[in-house]
Visitor: 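Mind looking over this structure? Questions follow.
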Amino acid sequence: MHDLLARRFPGALKLSDRLDLNGRIVTGDAMFCQKSIVAKIVEKGGDYVLPVKDTQKSLRENIQTAFNEPVFPPGLV
């Protein structure tokens, strides 16, 4: 995982290796928004929900676009 996480919470690295994340949804605050952390969650079979702040304008717009697009083509449902 990320070095910052290891420095701020030394036990977090050991704990993450012991957790069964398969089929679990992990939530976290801004500190957990690191590629290495979410990669570890996915590697262990989990999914994640992380915050997106207004300061991440292009990321926020991409997410809004993805959720505004219809899942099924019109007339199919």
Side-chain angles (χ1 to χ4, degrees):
M1 288 189 161
H2 195 266
D3 288 338
L4 174 63
L5 182 63
R7 286 194 308 269
R8 292 178 84 179
F9 299 98
L13 293 176
K14 291 178 184 175
L15 180 61
S16 69
D17 288 331
R18 292 182 168 192
L19 293 175
D20 176 13
L21 299 179
N22 191 32
R24 304 284 203 274
I25 298 174
V26 178
T27 61
D29 61 9
M31 186 190 76
F32 289 90
C33 295
Q34 303 292 328
K35 290 178 184 179
S36 57
I37 294 171
V38 296
K40 182 74 163 181
I41 294 168
V42 172
E43 174 187 308
K44 296 189 63 130
D47 291 299
Y48 57 90
V49 177
L50 299 172
V52 176
K53 295 184 176 186
D54 288 333
T55 57
Q56 300 291 325
K57 187 176 179 178
S58 62
L59 174 61
R60 191 169 195 275
E61 288 172 353
N62 288 338
I63 292 170
Q64 284 179 320
T65 299
F67 279 96
N68 286 331
E69 293 178 4
V71 176
F72 299 104
L76 185 63
V77 183

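All residue numbers refer to positions in the sequence shown, counting from 1. Note that this is a predicted model, so its numbers are computed, not measured.
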Visitor: Check the hydrophobic clustering (I, L, V, M, F, W, Y; side-chain heavy atoms under 4.5 Å; chains of links allowed) and say if L19 and V42 are grouped together.
Guide: yes
Visitor: Can you tell me how far CD1 of I41 sits from CD1 of I25, rounded to the nearest 0.5 angstrom?
Guide: 11.5 Å
Visitor: Looking at side-chain heavy atoms only, is the closest gap between K44 and N22 below 4.5 Å?
Guide: no
Visitor: Is any side-chain heavy atom of V26 closer than 4.5 Å to a side-chain heavy atom of L21?
Guide: yes
Visitor: Quick test of your reading of the model: are D54 and R60 salt-bridged, counting only N-O distances below 4.0 Å?
Guide: yes
Visitor: Is any side-chain heavy atom of V38 closer than 4.5 Å to a side-chain heavy atom of L50?
Guide: yes
Visitor: Any idea which heavy atoms bring P51 and G28 closest together, and the distance?
Guide: CD-O, 3.1 Å
